Amino acid sequence: MENCDVTIVGGGSAGLAALKHLSSLGKQAILLEAGKEIGSKNVSGGILYSKKSNNGKIYNVEDIYGESFLNESPYERLITKYILNATSKDKIFSIDLTESHDYQTNFGVSVLLNKLNSWFAQEAQIEAEKLGGGIITGVHVRSLRWDEKSSKIIVETDELEEFETKVMIAADGVNSEIAEMTNAREKFSPSELYQGVKVLVKLPEKIIEERFNITNSDEGAAYLFAGDVSLNLIGGGFLYTNRDSLSIGGVYHYDSLLEHPIEPTEIVNAMLRNPLISELIKDDVPLKEIDKTLPKEEQVRKSFAITKLLNNWNELRQLYYSHKLKKKSIEDRKYTSEDEIKSKLDNLTQKLTNEYHTKFMTNYIELEYTTKLVPDGKRGRMKKPYYKNILFIGDAAGRGLFIGPRIEGLNVGIDDAARASIAIARSLDKNNFESNYLGDFYSQSIEQSPYTVDMKEIDKQYLGVILNSTRKKISPDALGFKHKLVFNLISNQGLRNFFISLINKYGYTRLLSFIESEDVYYKIPIKIADKLGTVKSSTYIPQIPTVQDRVAKLCYHEDTISHIKILNSGKNFLKKMVTLCPTKCYSLEGNDVVLQHEGCIECGTCSKETEWRHPRGEKGVLFKYG
Amino acid sequence: MTLNIAVIVKLEPDFSEGSVSYNPDGTLNRAETKSRLGAHSAIASLAAFYTKVKYGGYISICSMGPPMAEIALQEAQSISDADELHLYSDRLFASADTLATAEVLKQGIKKMNTGKEMDIVFSGHRASDGETGQTGPQTAWKLGFTFLGNVIDFSVDLNNRYIFAKRLVALPGFYDIVEEIQAPLPVFIAIDPSYKPTFDTISLRLTSGRYLKEAKERAVNYKSYLNVLDHKKLELDPRLVGLPGSPTIVHKVEKIPKARTTRSAELIEGDDRQGIINSVTKILQLIQK
């Protein structure tokens, strides 16, 4: 049987950081990824942060990949504006929270995970290869057992001969099968989860910069939304600017969704229909229409000609609105000047309009629809994130950070990965993988992480920064008596500190249901927007695709065997899945729920009461952007 | 100990493009047909890659053909991570039948890897153009190697220099059987189209990943791995190659059915002056290339 020192299961940002860091520490490690390619199963909102803290060391992305991360990695935009928008119908009230975003932050960058994780993989692979390790894709771990004598883990996969490993890092995400196989933790309960839904909207680079008032082409904005866009659910919306696309979606408490089931696609649609967002995403979208009265051959000829022209038009338009591509094409002498590109683009538009009667309508273009479950670290993090010689990191250990407008996951996973790597390197040096040497050491290290502290306690200073930003814009009189009283109380620094000390002592998590309430998520924002907001109007109604259209755009490597098994088709939970499954895999036949797994995007929304596995290696959905 | 591996590949018409051109008599017009590495040659290259990953080895790939056949060698290198590419190109080799081709290939294989003897020579099952499936067996015969056809799986005992191969023997109208054969090295293997390598251990996966990355890099600079040899360099008797060396008399050639075209065309209207100028410029640029 073959063997290796360290096996990392899961090639997301956390797993890859573990591979890179272990290799930097001189330890051989292999990483198993179920997807056909690294990044193809990864989804994020998403912003990746680099943080600093007074509470101790944070292992940031640049600690793992080098100080030149910002110069070399394919991130999208450096977030320099952070705006919270309260919404009520067509009224919007915006509060600038950039100060709170910058709190203890080195930087925050918007990312598309497929691209970013591919870069992480490339960097990690170079280091891992030197020590005989590396990344193996298309492999799905089926089961684990322990050699009684050596205590090594024997790994059984769907694709490879079984092998032995001294230690394992489980980085297999929120629906961790390693956690389930080992009973290291219970499946996350709905109260410990959020459901995230996102669509990626295409928009040319320069148009993004104009719409969001971005002066530096590398910078970008992040908008949060609270109020009626949340459809009376506990959650909120987000809009992040990427290089030439926008990530738009919502993140919702899963138990709130179970209580009032709503199609996830409706959550994102509510965002898209908001007049502020509709105006931000709008673009000229050509409509390919062919005169059906023409002879068939003529229709084919026209269709071909229009498609070709539209492809050229799209390419040229992307070039014209892009800084780098345009500069390069002029340097490469493909075009002599910006004016030449513009006139060619205008000619193409004219040709399409005049000769082929192509209409251009105001609408928007969706590139990808994704969903993901996100663990709430405040409630669901593993208190001891290990089992025997397996260490859990990132989402697998339930370590998402959601504190008011602070939403972080990728950086927490990277911090965990570094801590796990250090613990494992120490164990490998002493050849001691006992729980009291490896697991406890890692567990203590995780407890000391400033991220864990933030999951356990309210940061007085951070709350102060948020309140300062809010106070600048909102008069307490706009809040109504009850909320005005609370607002005034917590605005007083002495009183606030006293209350927070009391709350932290009593146990912050016990009060979460009061803090994360309907009032905070939509009632107060609606009230504020109604009283203080300005009316926004949209010049068009976005034509929103159906779920079927969205699923049809995704790429799948279909597995004939379903990775999900229904345990009890008549159960109430499953009936809710008919609404809550983001790709409508469940439907009702009489009183029974039936499953068609082909369209599954592996979010795990239905995993709580089904037998849920990830698809076998290389199978299932392949996200292009993530 | 590692293996010396050779692969013989062929540049073949790309039927999938629907770009096949025919002579008036229905035979293939090779000069006007777009070509690429033959599908069976690609499988042979994959078998060589598997051998290199599993047992270690030095891969030499050869092809007999016109200068443009180097693109087939490049494609084969990107699949196999070949260490050396041989193109046997000479006007004297034109109009060769399978025997005359085998003569060139045999002589070339003897010159591979600075003249070291090959342990395994791989070829495809057959070509897709003018197929008779004889070049492989005839080359094996000329080399004096054991010929194993229709091989679907194999393993090598490096210490005892044996190969264990599984052959798929199809019995028309009856069932297929798998024949297991043990043969001493060197051998000539014609790989079956159904062959699929399995990299089913972590070390095989890691090695194959490393070699595949190397293969892509090598294929970009394939010219630095390429040796073009004519009959003189190969020390071949002109009477044994090309038309003089071909005893075959073609009795009848079946006409090739025309594949459905999938290529796209750009339509230029008669009065579109600029369009015509653009397309003529494009054509001139292509000719110059």
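Note that these values count all heavy atoms, side chains included, but never hydrogens, waters or copies made by symmetry. This structure is a prediction, so every number in the text was calculated from the model and none was measured. Sequence lines set the chain letters: A, B, ... in the order given, protein chains first and strands last, and positions in each chain run from 1.
- Counting heavy-atom neighbours within 6.0 Å of B:Lys196 NZ, excluding the residue itself, gives a total of 12 or less.
- Ranked by non-hydrogen atom pairs under 4.5 Å with chain B, the options A:Gln125, A:Arg301, A:Glu162 are led by A:Arg301.
- Only the backbone of A:Thr137 comes within contact range of chain B, with heavy atoms under 4.5 Å apart.
- The six-membered or imidazole ring of B:Phe199 lies near that of B:Tyr50, with a centre-to-centre distance under 6.0 Å.
- For chain B, the nearby parts of A:Glu159 are the backbone and the side chain; heavy atoms of each come within less than 4.5 Å.
- Between B:Lys223 and B:Glu70, at least one side-chain N (NZ, or NE/NH1/NH2) sits under 4.0 Å from a carboxylate O, which counts as a salt bridge.
- A salt bridge is defined here as a Lys NZ or Arg NE, NH1 or NH2 lying under 4.0 Å from an Asp or Glu carboxylate O, and A:Arg613 with A:Glu177 meets this definition.
- Proximity to chain A is absent for every atom of B:Gln274, based on heavy atoms less than 4.5 angstrom apart.
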